[in-house]
S.K.: 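Below you will find the structure I want to go over with you.
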Amino acid sequence: MNNKAIITSALPYANGEIHLGHVASTYLPADVTTRFLKLNGVEAYYVCASDDFGTPILIQSEKEGKTPSEYVAHWNKRDYDDFTAFNIKFDFFYKTSSPENIAFVQDVFKKLNDSGHIYQKEIIQFYCKNDNKFLPDRYVKGVCPYCMAEDQYSDLCEKCGRVPEEITDPKCSLCGQPPTKEKTNHYFYRLTTFGNDLSKWLDGNEHLQKDVKKYVQNWITSGLIDWDITRDIPWGVPVPLEGAEGKVFYGWFDNHLAYISTAMKFLDDKGINGKEFWNSADIYHFIGKDIVYHHYLFLTSMRLGLQNEYKLPDFIPTRGHLTLQGKKISKSRNWYIGLKQFLEYYPADYLRFYLVSINPYSQDDLNFDWDDFTTRINSELIGNLGNFINRALGFTKKTFEGIVPETEKFDEKDSEAEKRINCLATDVGSLMEQNHLDRALKKIMEFSSHFNQYFQHKEPWKKGPGTANCVFLSVNATRSLAIAMFPFMPESSEEIWKQLGLEETVENNSWKDMSEMKIHPGHILGESAPLFVKVEKTDIEKHKTGLGPAE
RNA sequence: AGCGGGGUGGGGAAGUCAGGUCAUCCCGGCGGGCUCAUAACCCGCAAAUCAGUAGUUCAAAUCUACUCCCCGCUACCA
């Protein structure tokens with residue numbers, strides 16, 4: 001394991017609230033991984049930023065009668081607050097509209113331009129005279145020339161799935177008027193020249209997911225096309241060239257550069273040489289499967305174009321999308337759950353536990369189901385894990401006045417239990433290193449389940465021989481659980497630590513510490529109480545009916 | 001249309017890349033136990049020709065070919 005790491009997650013677009021889908025695929029896996037790396041002594045920094053520029057934000061801010069800056073400032077704060085409430089702990093959360101990022105993007109553009117990766121081309125684009133705007137693809141709707149479906153985007157027909165050469169009967173999606181076609185000058189990035197290098201990089205990087213690699217290789221094989229990197233709107237990073245007044249960069253040219261500019265700002269402020277750190281660290285970009293194209297091709301080709309001044313990603317953990325009760329999340333149909341809203345119902349750790357446990361390390365979609373959530377919380381988190389901790393600590397309190405007793409000679413069951421503790425750090429850790437967070441969590445649950453069995457079979461309540469060993473090992477296993485759980489459920493983990501009567505915080509331990517027996521006979525436990533409250537089915541029914549179109 | 005991923009006891013999933021050690025886990029059903037614990041926990045039972053067909057192999061849920069279903073992506077949705 002590299003002793004330095006920079007972790008990023010896809011930048012939240014600053015035009016709406018964070019919902020369960022966002023955190024499931026990107027922010028939570030990144031946060032869990034960062035916490036794990038930090039426990040392992042890795043100097044790891046998790047940085048993120050709001051993605052502030054682009055046409056949708058410009059249009060929405062106009063509708064709300066705000067300036068774009070006011071508008072994005074609002075969402076930047078709101079997103080950060082929501083993340084914080086969910087215990088997503090960024091080392092630094094910044095914005096793509098920061099002066100540092102704007103300067104960085106312009107500098108990158110100049111370098112790419114100087115080395116011949118950029119060219120200008122006149123193109124013809126839809127223009128709406130009524131709205132006074134050039135209309136990017138998404139803002140023109142019309143009839144699909146293949147299947148005659150109406151009201152389709154000009155760049156993709158949702159009915160037949162085909163990409164029209166030219167849409168029939170085009171309309172401006174803002175005002176409904178037919179747009180005109182106007183000539184405009186745009187800048188293009190020579191993505192085509194990077195095909196071979198991208199392909200080589202994909203093959204050579206063994207950390208990337210196989211299925212994603214295949215997917216990207218397919219794109220490369222079928223032929224890349226040069227990439228239009230500018231737009232004619234007033235809200236973005238200005239193109240720093242004479243004659244390019246009024247033009248800004250396309251959002252995907254500037255937003256991922258904020259990974260670097262944000263990290264540089266953070267590190268330099270800390271007195272660390274940012275570039276040096278970046279190039280000697282493991283770079284992780286956590287994303288959802290919808291932006292594979294941008295991260296595997298745009299982002300990487302730009303770094304290649306800069307001749308690796310900033311190294312390419314080592315890991316791009318790519319996960320699928322969350323569906324809700326089996327259906328695609330959709331804000332317009334009110335088929336989504338806001339993060340803030342969810343946290344008004346249940347503690348952050350419930351959601352963290354549930355989302356990690358259903359989320360594999362793959363592009364497969366995962367499903368949020370209220371009934372499934374209920375059983376997983378009630379029977380696994382509470383019935384298995386919470387129950388073991390509660391009985392271990394409660395029994396010690398009751399029978400030994402909270403003082404860990406002297407041990408005797410271990411019998412076979414004790415030795416097996418001891419072995420489990422000794423192996424836990426490696427068993428769980430190796431899965432974490434491979435990004436299999438769901439399996440790692442499952443290992444923790446197996447550990448806890450084993451201790452429920454152990455406790456049962458030792459029957460300490462009969463107070464026969466071996467009772468002291470059972471208590472000693474169970475209390476130590478509880479401590480192990482607290483450390484192992486920390487990346488997943490930090491609040492509960494700290495609570496267990498307190499109940500164990502241990503000093504400081506879980507955060508100050510190292511990962512491998514969980515496999516040692518650091519609670520010795522004579523140790524006095526703190527106050528204990530059940531960690532979790534069960535999920536009530538009647539509440540769940542209410543939450544279910546809150547979904548879907550309002551009455 | 002192209003590309004990608006799936007179909008595993010009644011429900012939900014893991015296992016498939018590296019074939020045998022494998023049919024596992026959670027819920028549900030049935031029977032028993034225990035009482036430290038949040039009607040929790042522990043033990044046992046019933047229930048799957050691992051979508052279908054053909055093939056490779058001493059051996060297939062796992063590899064190959066074809067077929068039938070489902071889902072996702074396709075360049076401004078995490």
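First the proteins, then the strands, lettered A, B, ... as listed; each starts at 1.
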S.K.: Between A:K534 and B:rA40, does any side-chain N or O lie under 4.0 Å from OP1 or OP2?
M.R.: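 Yes.
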S.K.: Under a 4.0 Å threshold between the charged nitrogen and the carboxylate oxygen, would A:K458 count as salt-bridged to A:D414?
M.R.: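 The answer is yes: the pair qualifies as a salt bridge.
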S.K.: Mind calculating the distance between CG (A:L431) and P (B:rC25) to the nearest angstrom?
M.R.: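 Rounding to the nearest Å, CG of A:L431 and P of B:rC25 are 18 Å apart.
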S.K.: Counting only side-chain nitrogens and oxygens, does A:Y13 get under 4.0 Å of the OP1 or OP2 atom of B:rC77?
M.R.: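 The answer is no; no side-chain N or O of A:Y13 sits under 4.0 Å from OP1 or OP2.
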S.K.: Mind checking the C1' distance from B:rG6 to B:rA14? Whole angstroms is fine.
M.R.: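 Their C1' atoms lie roughly 14 Å apart.
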S.K.: Can you tell which of A:Y189, A:Y250, A:F249 makes a ring-ring contact (aromatic ring centres under 6.0 Å, His included) with A:F109?
M.R.: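 Result for ring-ring contact (aromatic ring centres under 6.0 Å, His included) with A:F109: A:F249.
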S.K.: Toward the 5' end of RNA chain B, which comes first, A:L224 or A:I291, by nearest nucleotide?
M.R.: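 Counting from the 5' end, the first nearest nucleotide belongs to A:L224.
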S.K.: Heavy atoms only, 4.0 Å cut-off, all strands: where does A:F388 land among base, sugar-phosphate and nothing?
M.R.: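 Nothing, no heavy atom under 4.0 Å.
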S.K.: Are any of the side-chain nitrogens in A:K537 or A:E541 under 4.0 Å away from the carboxylate oxygens of its partner?
M.R.: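 So A:K537 does not pair with A:E541 through a salt bridge.
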S.K.: Send over the distance from A:Y454 OH to B:rA37 C1', rounded to a whole Å.
M.R.: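 Computing the A:Y454:OH to B:rA37:C1' distance gives 17 Å.
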S.K.: Can you classify the ring geometry of A:W461 versus A:F455 as parallel (below 30°), tilted (30 to 60°) or perpendicular (above 60°)?
M.R.: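 Rings of A:W461 and A:F455: tilted, as their planes differ by 30° to 60°.
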S.K.: P atom, B:rG12 versus B:rU21: distance in rounded Å?
M.R.: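 That atom pair is separated by 27 Å.
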S.K.: For a quick test of reading the model, state the closest non-hydrogen atom pair linking A:R319 to A:P29 and the distance between them.
M.R.: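 In this case the closest contact between A:R319 and A:P29 is NH1-CB, 3.5 Å.
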S.K.: Students often get this wrong, so: under 4.0 angstrom with heavy atoms, is A:N390 touching a base, only sugar-phosphate, or nothing?
M.R.: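 Here A:N390 touches the bases of the nucleic acid.
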S.K.: Can you tell which of B:rC43, B:rA37, B:rC76 lies closest to the side chain of A:W252?
M.R.: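 Given the options B:rC43, B:rA37, B:rC76, the side chain of A:W252 is closest to B:rC76.
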S.K.: Which heavy atom of A:I233 sits nearest to which heavy atom of A:G54, and what is that distance?
M.R.: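 Here A:I233 and A:G54 meet closest at CD1-C, 3.9 Å.
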S.K.: Got a salt bridge between A:E416 and A:K413, using NZ or NE/NH1/NH2 to carboxylate O under 4.0 Å?
M.R.: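 No, A:E416 and A:K413 are not salt-bridged.
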S.K.: Using the C1' atom as the reference point in each nucleotide, state the distance between B:rA39 and B:rA46 in Å, no decimals.
M.R.: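 Result for the C1' pair: 24 Å, nearest Å.
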S.K.: Taking the same atom, P, in B:rU62 and in B:rG19, what whole-Å distance lies between them?
M.R.: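 Taking atom P in both B:rU62 and B:rG19, they lie 12 Å apart.
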S.K.: Look at all strands and tell whether A:R439 reaches a base, only sugar-phosphate, or nothing, counting heavy atoms closer than 4.0 Å.
M.R.: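 The residue A:R439 makes sugar-phosphate contact but no base contact.
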S.K.: Rounding to a whole Å, what distance do you find between A:H294:NE2 and B:rU74:C1'?
M.R.: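 So the two atoms are 11 Å apart, to the nearest Å.
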S.K.: Counting C-beta onward and ignoring hydrogens, is there a side-chain heavy-atom pair between A:T8 and A:V47 closer than 4.5 Å?
M.R.: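 When only atoms from C-beta onward are counted, A:V47 and A:T8 do touch, with a gap below 4.5 Å.
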S.K.: Expressed in whole Å, how much space separates the P atoms belonging to B:rC17 and B:rC73?
M.R.: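 It works out to 28 Å between them.
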S.K.: Taking the same atom, C1', in B:rU64 and in B:rU16, what whole-Å distance lies between them?
M.R.: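 Nearest-Å result for B:rU64 against B:rU16 at atom C1': 14 Å.
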S.K.: Regarding A:I225, tell me which of base, sugar-phosphate or nothing describes its non-hydrogen contacts under 4.0 Å with the strands shown.
M.R.: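 It contacts base atoms.
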S.K.: Do NZ/NE/NH1/NH2 and the carboxylate oxygens of A:R352 and A:D31 come within less than 4.0 Å?
M.R.: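 So A:R352 pairs with A:D31 through a salt bridge.
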S.K.: Taking the same atom, P, in B:rA51 and in B:rU57, what whole-Å distance lies between them?
M.R.: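 Each nucleotide's P atom is 23 Å from the other's.
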S.K.: With sugar-phosphate meaning primed atoms plus P, OP1 and OP2, does A:I389 contact a base, only sugar-phosphate, or nothing at under 4.0 Å between heavy atoms?
M.R.: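 Answer is nothing: A:I389 stays at 4.0 Å or more from every strand.
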S.K.: By nearest heavy atom, map A:P360 and A:S449 onto RNA chain B; which one lands nearer the 5' end?
M.R.: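 The 5'-side residue here is A:P360.
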S.K.: For A:F532, answer base if it contacts any base atom (sugar-phosphate contacts may also be present), sugar-phosphate if it contacts only those atoms, and nothing otherwise; contact means non-hydrogen atoms under 4.0 Å.
M.R.: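 A:F532: base contact, heavy atoms under 4.0 Å.
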S.K.: Please tell me which of the listed nucleotides, B:rC41, B:rC76, B:rC43, lies nearest to the side chain of A:Y250?
M.R.: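 Nearest to the side chain of A:Y250 among the choices is B:rC76.
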S.K.: Rounded to the Å, how far apart are A:D372 CG and B:rA14 P?
M.R.: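 My rounded result for the distance is 12 Å.
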S.K.: Please determine which of A:W370, A:F488, A:F373 meets the ring-ring contact (aromatic ring centres under 6.0 Å, His included) test together with A:Y354.
M.R.: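 It is A:F373, the one option of A:W370, A:F488, A:F373 that forms the ring-ring contact (aromatic ring centres under 6.0 Å, His included) with A:Y354.
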S.K.: Output yes when at least one side-chain N/O atom of A:K328 is less than 4.0 Å from OP1 or OP2 of B:rC73, else no.
M.R.: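 Yes, because at least one side-chain N or O of A:K328 sits under 4.0 Å from OP1 or OP2 of B:rC73.
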S.K.: Would you mind reading off the distance between A:Q209 atom CD and B:rG5 atom C1', rounded to a whole angstrom?
M.R.: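 The answer, rounded to whole Å, is 13 Å.
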S.K.: Checking all strands, does A:D290 fall into the base, sugar-phosphate, or nothing category for heavy-atom contacts under 4.0 angstrom?
M.R.: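 Base, at least one base atom sits under 4.0 Å.
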S.K.: When the ring planes of A:Y71 and A:W75 are compared, do they come out parallel, tilted or perpendicular, using 30° and 60° as the limits?
M.R.: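 Ring orientation of A:Y71 relative to A:W75: perpendicular.
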S.K.: Which dot-bracket string describes RNA chain B (Watson-Crick N1-N3 plus N6-O4 or O6-N4, or G-U N1-O2 and O6-N3, all under 3.5 Å; [ ] crossing; | other strand)?
M.R.: ((((((((.[[[[.)....(...]]]].(((((.......))))).....[[[[[..)....]]]]])))))))....
S.K.: Within residues 394-404 of chain A, which residues have any heavy atom lying less than 4.0 Å from an atom of RNA chain B?
M.R.: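 Residues of residues 394-404 of chain A under 4.0 Å from RNA chain B: A:F395, A:K398.
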S.K.: May I ask you to say what A:N452 touches in the nucleic acid, namely base, sugar-phosphate or nothing, with a heavy-atom cut-off under 4.0 Å?
M.R.: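 Since only primed, P, OP1 and OP2 atoms lie under 4.0 Å of A:N452, the category is sugar-phosphate.
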S.K.: In terms of side-chain heavy atoms of A:S379, which of B:rC25, B:rC36, B:rC26 is nearest?
M.R.: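 Among B:rC25, B:rC36, B:rC26, the one nearest the side chain of A:S379 is B:rC26.
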S.K.: Looking across every strand, which nucleic acid part, if any, lies under 4.0 Å from A:F286 by heavy atom: base, sugar-phosphate, or nothing?
M.R.: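 Nothing, no nucleic acid heavy atom in range.
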S.K.: Does a side-chain N or O of A:T375 approach OP1 or OP2 of B:rC26 to a distance below 4.0 Å, or not?
M.R.: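 For B:rC26, neither OP1 nor OP2 has a side-chain N or O of A:T375 closer than 4.0 Å.
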S.K.: B:rC76, B:rA78, B:rC41: which one has an atom nearest the side-chain heavy atoms of A:R391?
M.R.: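 Per side-chain heavy atoms of A:R391, the pick is B:rC41.
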S.K.: Write down the atom of A:D52, the atom of A:S97, and the distance for their closest heavy-atom approach.
M.R.: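 Shortest heavy-atom separation between A:D52 and A:S97 comes out as OD2-OG, 2.5 Å.
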S.K.: Looking for any heavy atom pair under 4.0 Å, which part of the strands does A:G383 touch: base, sugar-phosphate only, or nothing?
M.R.: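 Counting heavy atoms under 4.0 Å across all strands, the contact made by A:G383 is with sugar-phosphate only.
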S.K.: Using the rule for Phe, Tyr, His and the six-membered ring of Trp, do A:H321 and B:rA78 stack at under 5.5 Å and under 30°?
M.R.: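 Here the ring of A:H321 and the base of B:rA78 are stacked, with centres under 5.5 Å and planes under 30°.
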S.K.: For A:L355, answer base if it contacts any base atom (sugar-phosphate contacts may also be present), sugar-phosphate if it contacts only those atoms, and nothing otherwise; contact means non-hydrogen atoms under 4.0 Å.
M.R.: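 Counting heavy atoms under 4.0 Å across all strands, no contact is made by A:L355.
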S.K.: Write down the distance separating the P atoms in B:rG44 and B:rC34, rounded off to the nearest Å.
M.R.: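 Their P atoms lie roughly 16 Å apart.
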S.K.: Taking atom types as they are modelled, is there a donor-acceptor pair under 3.5 Å from the base of B:rA78 to the side chain of A:S25?
M.R.: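 Checked by distance alone, the answer is yes.
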S.K.: Please report, rounded to the nearest Å, how far the C1' atom of B:rA40 is from the CG atom of A:L381.
M.R.: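 It is 14 Å, rounded to the nearest whole Å.
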S.K.: Atom CD1 of A:I382 to atom P of B:rU38: distance rounded to whole Å?
M.R.: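 One finds 12 Å between P of B:rU38 and CD1 of A:I382, rounded.
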S.K.: Any carboxylate oxygen within less than 4.0 angstrom of a Lys/Arg side-chain nitrogen, looking at A:R78 and A:D82?
M.R.: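 Between A:D82 and A:R78 there is a salt bridge, with a charged N closer than 4.0 Å to a carboxylate O.
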S.K.: Given atom CG of A:L322 and atom P of B:rA78, what is their separation to the nearest angstrom?
M.R.: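 My rounded result for the distance is 14 Å.
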S.K.: Using a 4.0 Å heavy-atom cut-off across all strands, classify A:P530 as base, sugar-phosphate, or nothing.
M.R.: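 Result for A:P530 = base.
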